[in-house]
Amino acid sequence: MANKPALLAILVGFAALFWQLLLRDAIYNGAGLGRKVQPISDFPYRCHRVSGDPNIQACEDMWLDQKSRTLYLACSDSMARKQWMPNIHRLNASARALNDHVVAMDIDSPTGEGGYAYRVLKTPGFAGVDGDGRIHVVGMTGTTSAYGVKTQIWLVNARPSVNAKTGELLDNTATGANSTIEVFETQQGSDSVVHLRTYADPQIATPNNVAVAEDGGFFFTNDHGPHKVGWQHHLSSFIGTGDVSYCSSAGVCKKVAHGFKFPNGLHLGSDGLLYVPSAAIGGITVFRPKPDGSLLRVHFIDLDYPLDNLSEDSNGDIYAAALPKGMQSLAAFEDPLNQKSAPAAVWRVRRLNRDVPNKYQYELTKVIEDAEGELLPSTTTCVHDAKTGRLFLSGELSLHANPRPSGYPN
Ligand SMILES: *[C@@H]1O[C@H](CO)[C@@H](O)[C@H](O)[C@H]1NC(C)=O
Ligand SMILES: *[C@@H]1O[C@H](CO)[C@@H](O)[C@H](O)[C@H]1NC(C)=O
Ligand SMILES: *[C@@H]1O[C@H](CO)[C@@H](O)[C@H](O)[C@H]1NC(C)=O
């Protein structure tokens, strides 16, 4: 017969191990217990919200085309996001937003009230879901041709699963979404985009964001790995089933790194390294891609803030949107209209001695933080315009304030 105290000791041992391995990171970093969060007045920025514009809400991701000085935003409807957001298990497909769109904003043409001139890009000829022409934007990135004439927009499209014969929605709570990666092309100043290609593959399962490689292939994060639904989906951020995958330009896809806890807005740096942040436990894993798309892990940047999406400015500095209090961010997501705001922060990640081969040294600077969530509610992406020093912040949650062309350093 098992000796009770011994059994108890083993159980306590397991609990402690479980705590160590899984929960401690999740609670201290993910939920933000015990973190000191600074007020926005500590930072030298004046902030403006772009508010009340239905075209510019729930903009989850942005990409700044430095050559044309155009900020591209992937925008949706914050109320509908609560129903349809497969990346966080919102799978009520019938209530999804039907007006997701990409905005091209001319950041050198201010309009007065803190806003900028913009175009909502049309997508003529794009088939969408069974011919409805609709897109369901999540992550986004872009590339520009050498002279900046043509721009490609790469989007994660969270399309719902449908019956291939009838086109009717399946029960997406059972099937999960049918996410794809879409490539569009546009020209400077145009008000539409041309659809070039859809990448659909079983390996493109829970895509969150995409980074385009030199060879025309692309890397992306599956934030829940292969698990679209079910208990493994729900536990994914604890047990680390998130992955990084690569598809060649011909559309042959494979997993190239695994074991991530909610990997999200990855970035392929101008230094050739692939940066993969974690929204669940924080930190950025750094990889060196090899010619066949496989990855060599070279470094880990220990930044204990849950991180959203990464972007790079023209100086080569990486800007990371962070969620100082993960739990409050979730509450704000539930309640976008009530302006229940969560603290937000932005970190600059600067690689030092970039020219020295195999040296991975990073300087981390908190650029702005908003303890009360007054001005930067639930930021998911930050783009730095190095030319003017402005920060553009946007988030999937806030109804009234995206993006916030905020800071002009005082
Ligand atoms: C899904 O959305 C529909 C509206 O389209 C709503 O009537 C229904 O209650 C929602 N279902 C759930 C489970 O929230
Ligand atoms: C980062 O951005 C992507 C797409 O822009 C979005 O799906 C994701 O939710 C963001 N990260 C978090 C933790 O919100
Ligand atoms: C998923 O999307 C692809 C690409 O459009 C399509 O061929 C396929 O039929 C879709 N599958 C489901 C279940 O919706």
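Given the structure is predicted, the values throughout are model-derived calculations rather than measurements. Indexing begins at 1, ligand by ligand and atom by atom, following the structure's order. Residue numbers count from 1 along this sequence.
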### Query
Any idea how Tyr199 and Phe218 line up, ring-wise: parallel (<30°), tilted (30 to 60°), or perpendicular (>60°)?
perpendicular
### Message
If the cut-off is 4.0 Å to any non-hydrogen atom of Asn178, which atoms of ligand 3 fall inside it?
### Response
1 (C), 2 (O), 3 (C), 8 (C), 10 (C), 11 (N), 12 (C), 14 (O)
### Task
Return yes if a side-chain donor-acceptor contact under 3.5 Å exists between Thr365 and Arg350, otherwise no.
no
### Query
Can you find an N/O atom of Ala164 closer than 3.5 Å to an N/O atom of ligand 3?
no
### Query
Do Ser190 and Gln188 have a side chain donor and acceptor closer than 3.5 Å?
no
### Query
Tell me the side-chain hydrogen bond (donor to acceptor under 3.5 Å, both in side chains) pairs involving residues 290-301, sequence neighbours left out?
Asp292-Ser294
### All pairs passing disulfide bond (SG atoms under 2.5 Å apart) where residues 256-322 contributes a residue, at least two apart
none
### Query
ligand 1: which residues have a non-hydrogen atom closer than 4.0 Å?
Gln83, Asn92, Ser94, Ala95
### Task
Using distance alone, with no hydrogens and no angle criterion, decide if Thr151 and Gln187 have a side-chain donor and acceptor under 3.5 Å apart.
no
### Message
Regarding Asp243 and His258, do their side chains bring together a donor and an acceptor under 3.5 Å, going by distance alone?
### Response
no
#### Entry: Qualifying residues under side-chain hydrogen bond (donor to acceptor under 3.5 Å, both in side chains), relative to Arg351, sequence neighbours excluded
Asp271
### Task
Flag Arg159 as yes when one of its N or O atoms lies below 3.5 Å from any N or O atom of ligand 3, and as no otherwise.
yes
### Message
Would Thr180 count as being in polar contact with ligand 3, using the rule that some N or O on each side must be under 3.5 angstrom apart?
### Response
no
### Message
Give the atom numbers and elements of ligand 3 that come within less than 4.0 Å of a heavy atom of Ser161.
### Response
14 (O)
